2 protein chains.
Amino acid sequence: MTAPARKTKSAGSRSDFVYAGLRRAIIEQALMPGDKLTEDVIGDRFGVSRTIVRAALARLHAEGLVDLQPNKGATIAQPSLSEAYDIFEARMCLERQVLARLAEKVTDRDIQRLEQHVAQEMKAGSQDGPAAIRLAGEFHILLAQLAGNGVLARYVDEVVSRCSLILALYGRPHSSDCSINEHQQIIDALRERNSRLAIDAMDHHLRAVTDRALLSSNTDKQRDIRSILDHYAS
Amino acid sequence: MTAPARKTKSAGSRSDFVYAGLRRAIIEQALMPGDKLTEDVIGDRFGVSRTIVRAALARLHAEGLVDLQPNKGATIAQPSLSEAYDIFEARMCLERQVLARLAEKVTDRDIQRLEQHVAQEMKAGSQDGPAAIRLAGEFHILLAQLAGNGVLARYVDEVVSRCSLILALYGRPHSSDCSINEHQQIIDALRERNSRLAIDAMDHHLRAVTDRALLSSNTDKQRDIRSILDHYAS
DNA sequence: CTTCAGATTATCGTATACACTTTCGAATAC
DNA sequence: GTATTCGAAAGTGTATACGATAATCTGAAG
């Protein structure tokens, strides 16, 4: 018994499967920053050889989701505070552009999809599951995709994913990282094709997310240190 | 005799070496869009196994520099016109942010390095070598690095590299893609810490680059079609 | 002369083998 | 009891092997 492998060999080959699985685990914070990613272990779980796992890890490394130290293996990335600020700054810059585009070209169909997504968020948000974290990020990714610029969309996807790591490291344990109201405000601004308003809403939203994530970093760090000390003092 | 391999095993291992080599060949337009990248051939040239080549190709694929078709192998990417516009839009967005940052924190030392770089460009530009193409791009990458946001810098690096492909595909044969004057203007604006002026200069510069690259696409496309037809009519 | 089936070759996808590096533990010395 | 060294175990880096897929060639039929 080595794996819950799947038969559908599908496209992109098996490394995509491993990549997607790991990625989701990271984004839903099932794997936490600093966790070790041993190639053999992952290979067993997914039913593939290390060759495949290695490709997946390399890809995750390129996206900044895993650290990769020579001869020492892979771990879930632990962005420093300074990296965290860099990521948020880049994210702000990219998402502004997304909204500027969207305000000009958004269709009723797009608005509908966004509303549907927020509805999903509300449903998942109530039961606090890992899905809520993922859906909050996917709202932003959906926006980027609807904007119709593939390059922008890929970068947004990347920074949003990395924000999961930041939240996991510095955020409060159960802070709903994206208040759904703020997502709704963005949709409302888009419905009126009001680019200025939409960008303001996004700015406000991202600043709020940043604050929720990083302002608590001091207290949380202390809590962490304390709990670590507790552990060693027992 | 399989390779001009190097002995210094250094860090990051050999795949970095292959990656860097291929990347430079692409950016200097020694390898042209559409060219086939056979794993064995590359492996022989660099003196490594396919395993290593594969890792390098995967990385280049993630950056959008090579296409990777299942069971058919790798080729230098051929961005479509629509992708080209996407890339330029993302580039504009990112580089504006770079200049906004730089205008606030640029040091005299930074200005000096930028001036040095432009001097290099002038020297290389006169003899029209492949180095001129590379240096023109590296000016933008240097700006991004000096801005001090690693995430932004990586994305700028990526879009600038992909612009080499666009130039190779759609640009005029010997258009010096970045007029050095325009680079100088950006430096001048930065020296005065004038963010508005710097961004305007960059906007103007990138618009000019876009035009030089893409406005000629019609004529070049015709030339291509004609030459293709010639080929089939012989 | 063109076309198409079959064979042949080239190339890719993945697993495995082996050497090398790091890690961990136990035995020894102090 | 602490420090140190040595050796085994775990894990990574890379090459190679082999089956599978695609590209190319060949020859015969139309």
Side-chain angles (χ1 to χ4, degrees), chain A residues 1-22 25 31 34-62 65-78 231-232, chain B residues 1-22 25 31 34-62 65-78 231-234:
Chain A
M1 193 251 359
T2 49
R6 52 154 201 186
K7 259 297 138 62
T8 65
K9 77 172 165 185
S10 92
S13 259
R14 291 177 259 216
S15 119
D16 283 2
F17 178 58
V18 177
Y19 163 80
L22 288 177
L31 291 170
D35 282 357
K36 186 82 204 301
L37 298 171
T38 305
E39 296 173 0
D40 282 330
V41 173
I42 299 170
D44 281 354
R45 283 284 177 284
F46 284 91
V48 298
S49 77
R50 282 178 51 219
T51 307
I52 307 299
V53 176
R54 232 148 193 296
L57 289 177
R59 197 163 152 201
L60 290 165
H61 173 66
L65 291 181
V66 319
D67 284 346
L68 218 46
Q69 271 181 312
N71 279 315
K72 307 245 296 235
T75 55
I76 308 290
Q78 297 173 291
H231 200 274
Y232 276 92
Chain B
M1 191 258 348
T2 48
R6 50 144 202 194
K7 260 296 138 66
T8 66
K9 78 172 162 185
S10 93
S13 259
R14 291 178 259 216
S15 119
D16 284 1
F17 179 57
V18 177
Y19 164 80
L22 288 176
L31 291 170
D35 282 357
K36 186 85 204 301
L37 297 171
T38 306
E39 295 173 359
D40 281 330
V41 174
I42 299 170
D44 282 354
R45 284 285 178 284
F46 284 91
V48 298
S49 77
R50 281 178 53 220
T51 307
I52 306 299
V53 176
R54 231 150 192 297
L57 290 176
R59 196 164 154 201
L60 291 166
H61 172 66
L65 291 182
V66 320
D67 284 345
L68 219 46
Q69 272 180 311
N71 280 316
K72 307 240 304 220
T75 55
I76 308 289
Q78 297 175 289
H231 201 272
Y232 276 92
S234 67

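The chains referred to below are lettered A, B, ... by the order of the sequence lines, with proteins before strands, and numbering in each begins at 1. These numbers were taken from a predicted model, which means no experiment stands behind them.
Here the side chains of A/D16 and A/R59 are in contact, with some heavy-atom distance below 4.5 Å. Considering only heavy atoms from C-beta on, A/L22 comes within 4.5 Å of A/F46 through its side chain.
Of the residues near DNA chain D, B/K72 and A/L37, the one whose nearest nucleotide (by heavy atom distance) lies more toward the 5' end is A/L37.
With D/dT14, C/dT14, D/dT12 as the choices, the nucleotide that has an atom nearest any side-chain atom of B/I52 turns out to be D/dT14. For B/S49, the side-chain atoms get nearest to D/dA15 when compared with the rest of D/dA17, C/dT11, D/dA15. Of the candidate nucleotides C/dA15, D/dA15, C/dC12, D/dA15 has the atom nearest to the side chain of B/V48. Out of D/dA23, D/dT21, C/dA15, the shortest distance to the side chain of A/R14 is found at C/dA15. The side chain of B/N71 lies closest to C/dC12, out of C/dC18, D/dA15, C/dC12.
In this structure, OG1 on A/T38 lies 11.0 Å from CZ on A/R45, to the nearest 0.5 angstrom.
Distance, B/F17 CZ to D/dT14 P: 13 Å, rounded to whole Å. What separates CD of B/E39 from P of D/dT14 is a distance of 16 Å, to the nearest Å. Atom C1' of nucleotide D/dG19 and atom CZ of B/R50 are separated by 12 Å, given to the nearest angstrom. Between the CG atom of A/D40 and the C1' atom of C/dT16 there is a distance of 12 Å, rounded to whole Å. Look at CD on B/Q69: it is 9 Å from P on D/dA23, rounded to the nearest Å. The interatomic distance linking B/D16 (CG) with D/dT14 (C1') rounds to 14 Å, in whole Å.
Closest approach of A/E39 to A/R50, counting heavy atoms only: OE1-NE, 2.9 Å.
Of the candidates A/D67, A/L57, A/L68, A/L60, A/L57 is the only one forming a side-chain contact (heavy atoms from CB on, under 4.5 Å) with A/L37.
If you check every strand for non-hydrogen atoms under 4.0 Å, A/T51 touches a base.
For A/S13, a side-chain nitrogen or oxygen approaches OP1 or OP2 of C/dT14 to under 4.0 Å. At the phosphate of C/dT23, neither OP1 nor OP2 sits under 4.0 Å from any side-chain N or O atom of A/K36.
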